[in-house]
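Note that this is a predicted model, so its numbers are computed, not measured. Every chain is numbered from 1, with letters handed out A, B, ... down the list of sequences.
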Amino acid sequence: MSDQIKLERNSEAAEQLTNRDYKYGFVTDIEADSAPPGLSEEIIRFISAKKEEPEFMLEFRLKAFRHWQTLTEPDWAFVNYPAIDYQDIVYYSAPKAQGDGPQSLDEVDPKLLETYEKLGIPLKEQEILAGVVAVDAVFDSVSVATTFKGKLEELGIVFCSFSEAVKEHPALIRKYLGSVVPYTDNFFAALNAAVFTDGSFVYIPKGVRCPMELSTYFRINAANTGQFERTLIVADDDAYVSYLEGCTAPQRDENQLHAAVVELVAFDNATIKYSTVQNWYPGDENGVGGIYNFVTKRGKCAGANSKISWTQVETGSSITWKYPGCILQGDNSVGEFYSVALTNNCQQADTGTKMVHIGKNTRSNIVSKGISAGRGQNTYRGLVKILKGATGARNYSQCDSMLLGDRCGAHTFPYLDVQNRTATVEHEASTSKIGEDQIFYCLQRGISAEDAVSMIVNGFCKEVFRELPMEFAVEAQKLLGISLEGSVG
Amino acid sequence: MLSVKNLKASIDGTEILKGIDLDVKAGEVHAIMGPNGSGKSTLAQVIAGRDTYEVTAGSVTYQGKDLLELPPEQRAREGIFLAFQYPVEIPGVNNTYFLKAALNATRKHRGLEELDAMDFLALVREKLKVIHLDEDLLHRPVNAGFSGGEKKRNEIFQMAVLSPKLAVLDETDSGLDIDALRTVAKGVNSLRSKDNAIVVVTHYQRLLEYIVPDHVHVLADGRVVRSGGRELALELEKEGYSWVETQAAGPAKTRG
């Protein structure tokens with residue numbers, strides 16, 4: 001085949017894939033109950049009043065806001081974007097509810113349910129019974145419906161929206177809110193602490209193994225709305241929980257800001273598994289629109305033999321800035337980070353993890369798979385810090401990058417800070433171009449170029465996908481295929 | 001089945017094939033021999049449609065179709081199989097999954113129903129009886145961590161499952177011990193029929209003791225310098241390739 005024909009074929013295939021529309025780009029038309037744009041103490045008081053919060057919450061927000069005002073936006077990440085006007089963002093938007101909010105699904109706006117159906121969330125109870133997943137669905141800022149709560153309550157498990165937890169379990173919130181990610185942590189964490197509107201709260205009591213995967217589906221709907229949700233999960237001694245988080249946003253030309261905070265606390269022998277599939281709108285092929293995803297996620301292994309495991313599949317957002325980490329405080333505690341980050345077109349991702357070893361014989365395991373296509377820029381940034389007292393600590397890091405095409409970039413910035421001589425730290429990194437010989441091998445067996453790329457990339461990510469719960473792993477593989485637009489080489 | 005006429009191909013401006021003629025009929029087995037660098041592997045790759053080579057002249061007709069017009073995946077679906085000299089590793093992709101995808105792509109192209117997991121497994125079991133492939137290899141990623149011999153056996157196993165019309169074996173015998181060689185030969189021979197054709201590219205005569213060719217061609221410097229029957233291979237074995245090289249260099253000298 002001549003070069004000319006080859007070129008034409010490739011660009012044709014690329015075009016077909018590129019022109020594939022963002023599947024979740026629809027807007028639900030519901031009258032919103034919104035705050036005016038801008039950020040001030042008045043807005044924060046408005047949010048707090050709207051949510052009928054106790055005084056300690058307002059205090060927390062105001063302290064965070066005052067601190068935030070002293071901070072400047074960080075610029076060390078390997079990403080480029082125009083300055084964000086924080087006074088142009090709407091910080092509160094809730095779908096109008098009748099009375100005190102829905103008591104059952106029948107009271108929920110059918111349009112909302114329709115939205116969830118398009119997203120493929122089995123919100124109806126009978127469907128959930130079949131799906132064995134309890135969903136706390138966050139629609140913009142207010143949690144609309146929480147299912148399966150009754151069954152979980154029998155076990156003493158608390159799984160509810162953050163607002164509800166503030167009212168029903170103020171002692172727990174007061175104790176753990178900001179205990180892992182203090183509002184002083186960073187610019188976006190401070191912003192979130194000041195204005196967060198909802199999120200999920202999970203408490204697993206001593207010795208309880210949560211019998212189902214808990215799941216939250218986030219979706220940004222109203223235009224120009226920042227979504228600032230906050231998730232707090234506490235697993236008491238010997239408890240176990242697996243939590244899934246999925247994200248999708250409708251298609252828009254403007255950029256939207258998403259600055260979430262997730263805090264996890266695991267006590268003695270407890271395990272928390274936190275899985276994310278992030279598919280926010282990535283912007284179009286010219287980089288117009290898309291979500292700015294600036295997220296702070298951290299878990300504290302407070303107890304001995306506790307374990308926190310992060311698994312993330314990041315295919316969306318125009319900018320991703322995210323470093324889910326673990327503070328390994330308890331002796332013999334384990335932190336894990338499994339990540340797939342894909343950037344295509346003009347997407348930029350600067351993501352990785354922070355593992356801070358404090359306790360003795362603490363272990364951490366990092367597996368990061370970065371895939372860059374189009375003009376995408378993909379950066380792994382990870383910190384492994386072993387403190388003086390962390391005798392016998394061990395870390396293993398593996399960072400693999402795959403490049404599709406020659407206009408994209410992959411970067412790796414590992415930071416190591418080892419203060420204990422008995423520690424073992426291993427770091428392996430590789431960068432590969434998706435092999436022309438691999439694709440030809442597939443073609444020679446009759447497999448199309450698109451299928452070959454999807455197959456090779458999925459194979460590349462296998463170590464991470466196998467950490468995901470089954471239903472998520474299937475979705476993640478499909479997403480990867482959809483997201484690999486125009487990347488056939 | 002396959003008709004190659006005055007085929008010229010180059011890579012990065014360097015001409016490798018300098019006018020190849022080859023005619024392969026259904027039911028035949030052809031051996032292509034020659035010293036290193038004579039263009040044997042290039043010919044195999046060009047037939048399969050590798051686009052790193054640029055075809056500058058000549059034609060290739062396969063079952064009445066202009067083969068050079070077809071993209072590589074179409075050639076494969078039309079029944080051309082290349083057993084790679086260096087089978088490629090695809091980490092994380094299950095061998096069986098890969099083979100099922102390949103078979104179903106071909107079946108779909110031919111208007112046949114795609115095989116489901118059960119039917120596919122039955123087919124795999126049947127072919128395993130012919131090619132002694134460690135069943136464990138089926139569940140591992142494609143060629144990843146396979147020994148040299150295992151990779152070659154895997155190629156032949158894929159061939160058995162895909163049952164091509166024209167199989168091109170590119171130095172499948174290199175690096176094989178005698179047992180593996182016999183297995184490979186058994187697999188190839190089981191594909192022999194009056195409807196299929198096989199082209200064996202090899203450096204040594206050894207494989208041809210097990211896969212008996214109908215025709216032998218000797219390549220040197222991008223041209224077929226001699227064609228003959230099976231006895232030609234034996235002659236080569238005795239004489240070595242040095243006489244071939246003088247033959248190839250000869251006409252060039254007179255031209256120069």
Side-chain angles (χ1 to χ4, degrees), chain A residues 1-13 338 340 367 369 371 398 400-402 428 430-468 473-474 476-477 480-481 488-489, chain B residues 9 44-56 60 66-84 86-95 97-110 141-144 155 158-159 161-162 164 168 170:
Chain A
M1 200 176 10
S2 75
D3 276 355
Q4 188 56 39
I5 294 174
K6 174 187 145 200
L7 268 174
E8 275 171 15
R9 258 187 82 232
N10 286 348
S11 63
E12 240 171 62
Y338 300 98
V340 166
V367 179
K369 303 279 182 177
I371 302 140
Q398 183 193 334
D400 299 321
S401 306
M402 185 178 260
E428 285 180 35
S430 77
T431 302
S432 56
K433 241 184 139 155
I434 192 162
E436 194 261 332
D437 54 344
Q438 285 177 324
I439 292 181
F440 180 67
Y441 191 70
C442 296
L443 291 175
Q444 211 300 306
R445 297 300 183 249
I447 297 164
S448 72
E450 292 78 25
D451 288 348
V453 169
S454 175
M455 198 184 263
I456 293 164
V457 170
N458 271 304
F460 175 72
C461 301
K462 196 163 208 173
E463 285 158 280
V464 174
F465 285 166
R466 71 171 170 224
E467 296 297 325
L468 288 171
V474 173
Q477 287 192 28
L480 220 54
V488 178
Chain B
Q45 300 258 334
V46 168
I47 290 171
R50 184 96 192 212
D51 56 17
T52 41
Y53 298 95
E54 193 190 350
V55 174
T56 52
V60 181
D66 181 357
L67 192 67
L68 299 176
E69 281 297 308
L70 296 180
E73 67 273 26
Q74 295 290 16
R75 299 183 195 195
R77 293 170 194 165
E78 291 281 342
I80 292 180
F81 180 91
L82 173 66
F84 283 62
Y86 304 107
V88 180
E89 298 189 6
I90 309 179
V93 177
N94 180 287
N95 213 4
Y97 177 80
F98 174 79
L99 193 49
K100 184 163 168 259
L103 180 67
N104 279 336
T106 301
R107 289 181 66 91
K108 207 172 155 189
H109 177 74
R110 295 179 188 165
V142 180
N143 293 322
E155 291 292 288
Q158 291 183 7
M159 185 188 79
V161 171
L162 296 172
V168 181
D170 189 3

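- Looking at B:V142, only its side chain comes within 4.5 Å of chain A, counting heavy atoms on both sides.
- Nearest approach of A:C442 to B:I90, heavy atoms of both residues: SG-CD1, 3.8 Å.
- Residue contact with chain A, scored on non-hydrogen atoms closer than 4.5 Å, involves the backbone and the side chain of B:P91 alike.
- Ranked by heavy-atom pairs under 4.5 Å with chain A, the first of B:I80, B:T106, B:T56, B:L162 is B:I80.
- For B:Q158, the part lying under 4.5 angstrom from a heavy atom of chain A is the side chain only.
- Among the candidates B:H109, B:E78, B:R77, the residue making the largest number of heavy-atom pairs closer than 4.5 Å to chain A is B:R77.
- In terms of the ring pair (Phe, Tyr, Trp, His ring centres under 6.0 Å) criterion, residue partners of B:F84 (sequence neighbours excluded) are, by chain and number, A:F440, A:Y441.
- Listed here is the closest heavy atom pair of A:G446 and B:A76: N-CB, 3.4 Å.
- For a residue to count as touching a neighbouring chain, one of its non-hydrogen atoms must lie under 4.5 Å from one of that chain's; by this rule B:N143 touches chain A with the side chain only.
- Heavy atoms closer than 4.5 Å to chain A are found nowhere in B:Y86, neither backbone nor side chain.
- Looking at A:N458, there are no atoms closer than 4.5 Å to chain B (heavy atoms on both sides), in backbone or side chain.
- Side-chain N or O atoms of A:Q444 include none that pairs as donor or acceptor with a backbone N or O of B:A48 at under 3.5 Å.
- Every residue was checked against the side chain to side chain donor-acceptor pair (under 3.5 Å) condition with A:E467, not counting sequence neighbours, and none meets it.
- Distance check: A:L443 CG to B:R50 CZ gives 9.5 Å after rounding to the nearest 0.5 Å.
- When each of A:R445, A:K462, A:M455 is scored by its heavy-atom pairs under 4.5 Å with chain B, the top score falls to A:R445.
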